[in-house]
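To start, the structure under review is shown below, and the notes come after it.
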Amino acid sequence: MKIKRQLRIFLLLVVLIPLVAFATIPINRRLAAQGVSFEKLICISLLVASVIELACIMFTIHISSTISKSITFLQRSTKRIADGELARPLERRKSHRGENEITDLIVNLDKMRLTLLENDERRKRFIMGMSHDLRTPVAVIKGYLEAIDDGVVSGEKEISKSVNIILNKTRQLEAMLNSLINFVKLETTEQKNNLHLQPLLPIVQEFAESSINTGKIFNRNVQAEINLSPDTKVMLNRELVLRALDNLYSNAQRYTKDKGVITIKAEETETEAKISVEDSGIGINDKDIQFIFDIFYRASNSRTEPGHGIGLSVVKNIMDSHGWKIDVKSQVGVGSNFTITIPKRDLKA
């Protein structure tokens with residue numbers, strides 16, 4: 001039973017004591033008129049009051065026990081989270097009396113534990129990916145500089161060639177750091193909270209037109225099927241949404257061969273709006289699907305292509321900041337389909 005309900009019953013019993021006392025006055029008068037002795041009337045009144053008082057005492061003990069046990073259980077659970085024991089699920093306190101507000105809190109705490117565990121795993125993958133990707137150009141730069149310093153590389157042509165390689169790796173390192181800085185900027189609440197109610201159709205049309213023109217330049221067959229109402233308005237950050245869509249198109253173009261087909265679709269129902277970017281490219285292995293939105297992660301069949309593994313992380317971050325959802329379906333050798341879903345709660349007509 002909920003603690004709040006138990007307290008209400010307790011207060012009701014407390015209020016009943018004086019009410020019963022007043023209610024027994026006319027009853028006692030009638031009984032006295034019928035010849036019942038004064039001592040018996042007193043006993044009857046005390047008996048009724050004692051029963052209610054006993055019930056109050058029992059409820060007080062019960063409520064105190066419930067709160068005490070729940071708080072002790074909650075204390076142990078929060079201590080485990082504070083000590084970093086995130087992998088072990090929080091066990092809900094078993095009670096034949098049912099659930100209460102504190103046991104409900106345990107459920108929310110366990111959800112928080114799962115979120116912390118997921119964020120911790122993402123942080124570890126982030127550090128590992130960053131260390132791996134940044135180490136490569138730094139090692140090359142260091143190697144060539146040491147070769148020049150030790151005289152292993154000599155001669156004007158060899159030194160010039162080595163310097164050019166160092167410059168290329170430096171530019172690569174700079175591009176990676178800039179991408180990383182832009183990714184971190186998306187974590188700030190300033191950009192996440194900068195959402196405004198805007199029509200969705202013009203943004204999707206602008207993206208589709210830009211993609212079609214880009215496709216012509218890079219010899220890709222880009223098709224667009226836009227079925228959105230002009231009245232559909234969405235809380236969004238226009239710059240970030242266009243950036244996310246552009247990243248999806250860039251990926252589709254990168255992994256689709258010449259004359260390949262890229263399809264952009266947008267449609268809506270009574271409950272949601274969907275925007276998808278589908279390509280006929282190399283596809284993604286099943287083992288890579290769950291990791292493709294992690295920063296610096298690159299699918300096994302995409303490592304021959306240029307890139308830093310940040311683009312899809314940016315897309316996922318932007319979707320999360322809007323409260324939207326992004327899903328991917330892919331088949332190796334057939335292509336991939338990235339779909340953004342905007343729930344109806346985010347739509348305003």
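Nothing fancy with the numbering, it's 1 onward along the sequence. Worth knowing before you read on, the calculation uses all heavy atoms, side chains too, and leaves out hydrogens, waters and symmetry mates. Keep in mind that what you see is a predicted model, and the values were worked out from it rather than measured.
- With a 4.5 Å cut-off on side-chain heavy atoms, Ser330 and Ile289 count as touching.
- Listed here is the closest heavy atom pair of Ala208 and Ile264: CA-CD1, 4.1 Å.
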Report task. Might you work through the side-chain contact (heavy atoms from CB on, under 4.5 Å) test for Val315 and Leu245, ending with a clear yes or no? Result -> CA-CA 8 Å; Val315 173; Leu245 293 173; over 6 Å; no

Report task. Would you sort out whether Asn237 and His322 count as a side-chain contact (heavy atoms from CB on, under 4.5 Å), showing the intermediate values? Result -> CA-CA 8 Å; Asn237 182 314; His322 283 70; 3.9 Å; yes

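- Two residues are said to be in side-chain contact when any heavy atoms from C-beta on lie closer than 4.5 Å; Gln198 and Val234 fail this criterion.
- Ser321 places a side-chain N or O within 3.5 Å of a backbone atom of Ile318 that can act as its donor or acceptor partner.
- With salt bridges taken as basic N to acidic carboxylate O contacts below 4.0 Å, one links Glu272 and Lys274.
- Across all non-hydrogen atoms, the minimal contact from Glu206 to Leu242 is OE2-CD1, 3.8 Å.
- Interatomic distance, CG of Asp246 versus CG of Asn251, reported as 11.5 Å (0.5 Å rounding).
- To the nearest 0.5 Å, atoms CD1 (Ile165) and OG (Ser160) are separated by 10.0 Å.
- What you find for Ile292 and Leu312 is that their closest heavy atoms are O-CB, 3.5 Å.
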Query - Evaluation steps, side-chain contact (heavy atoms from CB on, under 4.5 Å), between Glu146 and Ile148 - result: CA-CA 5 Å; Glu146 288 177 345; Ile148 294 173; over 6 Å; no

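- Considering all non-hydrogen atoms of both residues, Trp324 and Pro343 come closest at CD1-CD, 4.3 Å.
- A donor-acceptor pair under 3.5 Å links the side-chain atoms of Tyr249 to the main chain of Gly215, judged by distance alone.
- Looking only at side-chain heavy atoms (C-beta outward), Arg238 and Ile203 come within less than 4.5 Å of each other.
- Using a 3.5 Å distance cut-off with no hydrogens or angles, the side chains of Thr232 and Glu268 do pair a donor with an acceptor.
- Using a 4.5 Å cut-off on side-chain heavy atoms (C-beta onward), Gln223 and Val261 make contact.
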Query raised in the report: Yes or no on side chain to side chain donor-acceptor pair (under 3.5 Å) for Gln253 and Thr214, after CA distance, side-chain angles and deciding distance?
Result: CA-CA 9 Å; Gln253 178 178 284; Thr214 304; 5.6 Å; no

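- Expressed to the nearest 0.5 Å, how far CD1 of Ile141 lies from NZ of Lys169 amounts to 8.5 Å.
- For the side-chain contact (heavy atoms from CB on, under 4.5 Å) criterion with Ile275, the lone passing option out of Val204, Ile326, Val241 is Val204.
- Using modelled atom types, no side-chain atom of Thr263 and backbone atom of Glu278 make a donor-acceptor pair closer than 3.5 Å.
- Hydrophobic clustering, with ILVMFWY side chains joined whenever heavy atoms are under 4.5 angstrom apart, keeps Val152 apart from Val140.
- Transitive grouping of hydrophobic side chains (ILVMFWY, heavy atoms separated by less than 4.5 Å) keeps Phe218 and Ile212 in distinct clusters.
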Query raised in the report: Run the side-chain contact (heavy atoms from CB on, under 4.5 Å) check on Val277 and Phe207 step by step: do they pass?
Result: CA-CA 11 Å; Val277 178; Phe207 162 65; 4.0 Å; yes

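- In this structure, the separation between CG on Leu228 and CD1 on Ile342 is 8.0 Å, given to the nearest 0.5 Å.
- Judged by distance alone, the side chain of Arg220 and the main-chain N or O of Thr256 form a donor-acceptor pair under 3.5 Å.
- The main-chain N or O of Ala252 is never found under 3.5 Å from a side-chain atom of Arg254 such that the two would form a donor-acceptor pair.
- For the pair Asp327 and Lys325, the minimum side-chain heavy-atom distance is below 4.5 Å.
- There is no path of hydrophobic side-chain contacts, each under 4.5 Å, that joins Val334 to Val222.
- Donor-acceptor pairing under 3.5 Å is lacking for the side chains of Ser162 and Asn164.
- Contact annotation: the side chain of Ile282 never approaches that of Val332 to less than 4.5 Å [non-hydrogen atoms, C-beta and beyond].
- The two residues Ile340 and Met319 make their nearest non-hydrogen contact at CG2-SD, 3.5 Å.
- Few gaps surround CG on Asn213; more than 12 heavy atoms of other groups in view lie less than 6.0 Å from it.
- In this structure, the side chain of Asp279 engages the main chain of Gly281 through a donor-acceptor pair within 3.5 Å.
- Across all non-hydrogen atoms, the minimal contact from Met235 to Leu197 is SD-N, 3.5 Å.
- No donor-acceptor contact under 3.5 angstrom links the side chains of Ser276 and Thr339, judged on distance only.
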